[in-house]
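First the structure, in the form of structure tokens, and then the observations on it.
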Amino acid sequence: MGGLQKKKYESGSATNYISRNKARKKLSLSLADFRRLCILKGIYPHEPKHKKKVNKGSTAPRTFYLLKDIRFLLHEPIVGKFREYKIFVRKLRKAYGKAEWSGVQRMKENKPAYKLDHIIKERYPTFIDAVRDVDDALSMCFLFSTFARTGKCHVQTIQLCRRLGVEWMNYIITSRSLRKVFLSIKGIYYQAEVLGQTITWIIPYQFAHDHPTDVDYRVMATFTELYTTLLGFVNFRLYQTLNLVYPPKLDGQGEFSLKSECEEDYALESESYSEKLAALSASLARTVPSVEDEEAELDHFPAEGVKKKKKNLEQNKQKKLFEGLKFFLNREVPRESLAFVIRCFGGEVSWDKSLCIGSTYDETDETITHHIVDRPTIDKQYINRYYIQPQWVYDCVNGKILLPVEEYFLGVTLPPHLSPFVEESEGDYVPPEKLKLLALQKGEKPPEEDEEEEEEEEDDEDDEEEDDQSEDEDEAEDEASLAEMEEKRAQGKSLSVKVTPGKVKPENRMRTEQEEKAEEKRLAIMMMKKREKYLYDKIMFGKKRHVREANKLAAKRKAHDDANKPDKKKKKKKC
Amino acid sequence: MAAVRRHKRVAAAQPGFLPIKSSLDGNSSVIKRRKRVNKNKKKSWNRFSDIQDVEEFLDDVRLQERATGGLIAEKTDDTLFFVDTGETEEKDTQAQTTVKKGKHSKPLRIDLILQPDSHIQAPKNVLAFQQPNAKKQRRISERAAKLAAMGVLPRREKLLQLRSAAAASGLSVKEHPVANNNPDRAFYDLWSAGTPETADPYYLEQTKKKLVKRPDRLNEKPSVLPAVEVIAPGGSYNPDFFSHQDLLREAHEVELKKQKAEEKLARQLAVNEDKATEESTFKEQVEGLIEEEEIEPQEPEGDTEDTVMGPTATQEKKTEKQRKKEKAQRIKDLQRKVERQVIDKQQQLFQLRSISASVKKQEQRTEMRQAQRKVQQEAQKSMPRRLGRLKFQTPDLDVQLSDELASSLRSLKPEGSILKDRFKSLQKRNIIEPRERARFNRKYKLKYSEKRAFREIE
């Protein structure tokens, strides 16, 4: 026995944590600077398990940091820069107060600045770490680049964000790594696969800003500061991997074609090059003249599996989705997004000269295959091109195939724009549009839809189809189905009693195999322990319930469609 | 000082010394009788030694110095006397004065009065001429000279030379670091493998040439949530009917929950309305006038009973016999208990099956609980933590109602703000703590007053 009595709060969690204010004092920084430092260094507050112990008996809610983290912060050279900056501001204020303008000038020239390079290197020790974490950076950069250049944040930051965003988009175009696009009510979600990492980012629609008041702009600006630095380095490295020149340069051909006579109308001399880059219509210059290396097959290992190869093949096919197609964007469609997406899949794109810098061909070009319009009618139509709504492009990208254009013609009610980010597991409710898409992907005509249309036609004869092509198809199918029915009838008739020579029933190997498997499974279920059986039953029940719900939804949808059909038809008739 | 004084005394002792004051001469004649006092103490010495003559003499010397700028005895004759040659000089002076006459030339009388009339120079401020740290400075300069002789230049000099050399060779002098948000800033390959450091890592760390290694713990993300959460399929600009309905239902449920909470709060805060109606006022006025017969209170009886009931007054002492009896009873009970236990133990042998069943059951329960806890912990990883004074508030779901949905991409009206979305996402992922905007607090009340000019017009 004996020994000193242990005092409270002198060991354990009470000493592992430090409150924010104490940490701030330890670093001798103001709260704003402390917050900035934590964001830059990636030190996050921590919720202790036993708050009362950590708080020395008090239950007041506080922000805690791990003491070790704060100790680590003490070594940061930027802390010194923060203090320097504080002094700088004080001196500057004083000079202003005394109206010493020469002093102000001198001080401004010697404004202390710091670099975040070492922090980026420290937080992302390898390049792939940085790529993995670039989602946030992209979203933030694209967001900031859409801000108005007044107030709220520095103009320079906005310009830098814009530059980095354009660089990124150019990289994605050149590497053809875009995978998914989703037009939501918030903004446009993109997903790309860069160096094996799936990267998702969101870009706001143009001119969609009201500045919310409950957002701390200072915090956001700090994050942007970090993320711009990160994205800059990532871009540089990515450009290097593709042998592209950094900072990006248009290749000779593109530059020539873009050299229009009246480019002063769009931008200043100093800005016109960056604007041209931002137009996304020309490809970039490479350090090594490009040999068609896209085709270079990876070394094929037998162990790799067929599935992977198939996937690769599919991806290659997707990359060339729009190759050979020539698009023209009308002025009311979102130009940047569409140009980006189309160019990502190898299409050519242009727009009206007065819309933006960097248009490559005119509306009158005869080789244009698709004209993207987002208005109910258009006056002058060329006969050798499709006039479609912008959703077609996005749906094609998500479907990985060129969808039939009929559903996207002008003035037609569009099919729903489905989210490509939803992955249905087995037994989930799948909307019929998606089912159709899946069928199309497999290369078969969607059967039930056609049948439905058939029925429709049978139901009312005067239903008019607007395009001849589909009508022809329908007719052909009609004939086919008629023939089938006749055959069936014929079979039915031949059911009279007859004695036929016996045939050896051909044994269906597959079927027997399946049966065997089913039998095995049944036996296995029977042999289960009681506990396992219980669990199994539960799982199966859950699955069944899931399926039941999905079926219910599907039925509901069918009912809804049926209910809507007369309306649609009425509309059509009106048209 | 002492030297000067001695000099003066010597001068005075000389035969040609002329005192200005006459009293100095009569000083010697008045001699009092000497009083015998011990002057072995400083106090008595000071008190009884007669220094008046010395004082007077010194006063005289000072006076002379003040008035003439030195001892008159030492002055040359030229300075003391002049030959009076008549009016010529006077004329001259007059002419000068006439020339200088004017308001500006004449100093003010007050200034003249305030002018020091002493001929002695004011003593110099010694400290003003003394160099602080002279010794140290001297040593430093000596050392610098010694080093320069050896060929070692101070740092500043060296840097200056380097800079001038760089400027001469045409290379640009090292510039200020570029601001982080400069749109033209250059990037480089940050992750290229540079030359590996060969020096001692401890040395490098101590001399701040190498940063302290970042602990791996810090590279873990505080939440498992993805950085960009994609909106539900119902949030498409042209959604599928059912997914849209799903999203709407979700939003509806959230809204319902909110409403319920609000209603509950309102219910709890509602004031119990006890307003006076006509009937009640009438009753109050009539109170006591009507004889109340029906309402006979029955309670008093009960009350009285209650008051009577209380702790019993006194406990009687137990007799010896009773005590013994109780003790025997106690022992008996104990024995019975022990016996019962023994029997129970024996019986348990036959209950083995049920016991094992119960144990199994218990085990199962703990297992289940463990699993549950694990699931909960997993769920916790994606939950926003409580990081400060405020709790994380989930933002409202971004939803467009069926009639708000745009018919085409052109007419789409974006919903919500991505900036807010990003901000909330950061909070949700425990990267920053939720905060509320700091309110502006005025320290002093504003005071309004009409300007006088304005008041006059009215």
Side-chain angles (χ1 to χ4, degrees), chain A residues 42 44-45 47 61 63 72 75 113 115-118 120-122 126-127 135-136 139-140 143 154 156-157 159-160 163 183-187 189 200-202 204-205 208 210 212 214-215 219-220 225 229 232-233 236-237 240 332 374 390-391 414 416-419 421-422 431 433 553 557 560, chain B residues 176-183 185 187-191 208 211-212 214-215 217-219 222 226-228 230-233 235-243 385-390 398-400 408-410 412 414-423 426 430-433 435-437:
Chain A
Y44 312 118
E47 188 189 27
T63 308
F72 170 66
H75 295 288
K115 290 212 153 190
L116 297 176
D117 305 5
H118 65 279
I120 300 287
K121 178 85 199 250
E122 182 186 276
T126 62
F127 174 55
D135 301 31
D136 251 333
S139 297
M140 202 72 108
L143 175 65
H154 291 287
Q156 288 201 319
T157 309
Q159 279 171 346
L160 181 63
R163 176 193 145 189
L183 300 170
S184 80
I185 48 174
K186 268 190 203 167
Y189 289 92
T200 315
W201 72 96
I202 181 170
Y205 290 112
D210 53 330
D214 48 355
V215 172
V219 166
M220 295 308 259
E225 195 179 0
T229 316
F233 287 120
F236 184 92
R237 186 73 183 249
Q240 258 194 348
E332 70 273 5
D374 198 3
Q391 196 190 317
L414 291 168
H417 178 62
L418 301 175
S419 169
F421 293 95
V422 187
E433 286 82 9
L553 270 177
R557 164 80 190 214
H560 173 76
Chain B
H176 302 294
V178 190
N180 268 325
N181 59 359
N182 185 7
R185 63 170 294 190
F187 291 102
Y188 54 91
D189 193 354
L190 188 68
W191 291 279
K208 304 209 166 172
L211 291 172
V212 176
R214 185 183 173 87
R217 162 176 51 88
L218 291 179
N219 284 337
V228 178
V230 181
I231 195 169
S236 161
Y237 95 99
N238 179 15
D240 175 42
F241 176 72
F242 283 102
S243 42
R385 319 309 302 256
R386 178 78 187 264
L387 292 176
R389 206 163 55 78
L390 297 174
D398 288 324
V399 168
Q400 280 189 334
S408 73
L409 194 56
R410 177 172 45 92
L412 169 68
E415 190 74 30
S417 153
I418 295 185
L419 183 69
K420 197 176 168 188
D421 197 49
R422 299 309 310 154
F423 189 61
L426 290 171
N430 302 325
I431 289 175
I432 49 179
E433 75 269 21
R435 279 191 318 144
E436 67 184 352
R437 202 188 165 99

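So that the names make sense, note that chain A is the first sequence line, chain B the second, and so on, each numbered from 1.
Residues A/Pro45 and B/Glu433 approach most closely at CG-OE1, 4.1 Å, considering heavy atoms. The two residues B/Asn430 and A/Tyr44 have their closest heavy-atom pair at O-CB, 3.7 Å. Here the closest non-hydrogen pair linking B/Phe423 and A/Val219 is CE1-CG1, 4.3 Å. Closest heavy-atom contact between A/Pro61 and B/Gly388: CB-O, 3.7 Å. Of all non-hydrogen atoms in A/Tyr189 and B/Val230, the two that sit nearest each other are CE2-CA, 3.8 Å. Contact detail for B/Asn181 and A/Thr157: the closest heavy-atom pair is ND2-OG1, 3.2 Å.
In this structure, B/Arg422 and A/Asp136 have side chains that are in contact, with non-hydrogen atoms separated by less than 4.5 Å. Put simply, the side chain of B/Ser236 reaches to within 4.5 Å of the side chain of A/His417, judged on heavy atoms.
With rounding to the nearest 0.5 Å, the separation of CZ in B/Arg389 from OG1 in A/Thr63 is 9.5 Å. With values rounded to the nearest 0.5 angstrom, B/Asn182 atom CG is found 12.5 Å from A/His154 atom NE2. Between the OG atom of B/Ser243 and the CG atom of A/Leu553 there is a distance of 10.0 Å, given to the nearest 0.5 Å. Separation of atoms CD1 (B/Ile418) and CE (A/Met140) is listed at 12.0 Å; rounding is to 0.5 Å. Atom-to-atom distance recorded for A/Ile202:CD1 and B/Ile231:CD1 is 8.0 Å, nearest 0.5 angstrom. Rounded to the nearest 0.5 Å, atoms CD1 (A/Ile185) and CG (B/Leu412) are 8.5 Å apart.
Of the listed residues (B/Arg386, B/Gln400, B/Glu436), the greatest number of heavy-atom pairs within a distance under 4.5 Å of chain A belongs to B/Arg386. Interface summary for chain A: among B/Asp421, B/Leu387, B/Val212, the most heavy-atom pairs under 4.5 angstrom belong to B/Leu387. Contact count versus chain A (heavy atoms, under 4.5 Å) is highest, among B/Asp398, B/Val399, B/Asp240, for B/Asp240. When each of A/Leu414, A/Leu418, A/Leu183 is scored by its heavy-atom pairs under 4.5 Å with chain B, the top score falls to A/Leu183.
Every residue two or more places apart in sequence or in another chain was checked for a ring pair (Phe, Tyr, Trp, His ring centres under 6.0 Å) with A/His75, and none qualifies. The side-chain hydrogen bond (donor to acceptor under 3.5 Å, both in side chains) check on B/Arg437 picks up nothing, with sequence neighbours excluded.
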Where do B/Leu190 and A/Arg237 land on the side-chain contact (heavy atoms from CB on, under 4.5 Å) test, with the steps shown first? CA-CA 8 Å; B/Leu190 188 68; A/Arg237 186 73 183 249; over 6 Å; no

Trace of the side-chain contact (heavy atoms from CB on, under 4.5 Å) decision for B/Trp191 with A/Ile120: CA-CA 10 Å; B/Trp191 291 279; A/Ile120 300 287; 4.1 Å; yes

Stepwise, does the side-chain contact (heavy atoms from CB on, under 4.5 Å) test hold for A/Phe127 with B/Asp189? CA-CA 10 Å; A/Phe127 174 55; B/Asp189 193 354; over 6 Å; no

Would you please test B/Leu426 and A/Met220 for side-chain contact (heavy atoms from CB on, under 4.5 Å) and show each step? CA-CA 10 Å; B/Leu426 290 171; A/Met220 295 308 259; 4.1 Å; yes

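B/Arg214 has a carboxylate O that lies under 4.0 Å from a charged side-chain N of A/Glu122, or vice versa, which qualifies the two as a salt bridge.
Contact of A/Glu225 with chain B is made through the side chain alone, with heavy-atom distances under 4.5 Å. Using a 4.5 Å cut-off between heavy atoms, A/Thr200 contacts chain B through both its backbone and its side chain. For B/Arg185, the parts lying under 4.5 angstrom from a heavy atom of chain A are both the backbone and the side chain. For a residue to count as touching a neighbouring chain, one of its non-hydrogen atoms must lie under 4.5 Å from one of that chain's; by this rule A/Phe72 touches chain B with the side chain only. Contact annotation for A/Pro390: only side-chain heavy atoms (C-beta onward) come within less than 4.5 Å of a heavy atom of chain B. With a 4.5 Å cut-off on non-hydrogen atoms, A/Val422 touches chain B through its side chain but not through its backbone. Proximity to chain B is limited to the side chain of A/Gln240, based on heavy atoms less than 4.5 angstrom apart.
For B/Arg410 (side chain) and A/Asp374 (main-chain N/O), a donor-acceptor pair under 3.5 Å exists by modelled atom type.
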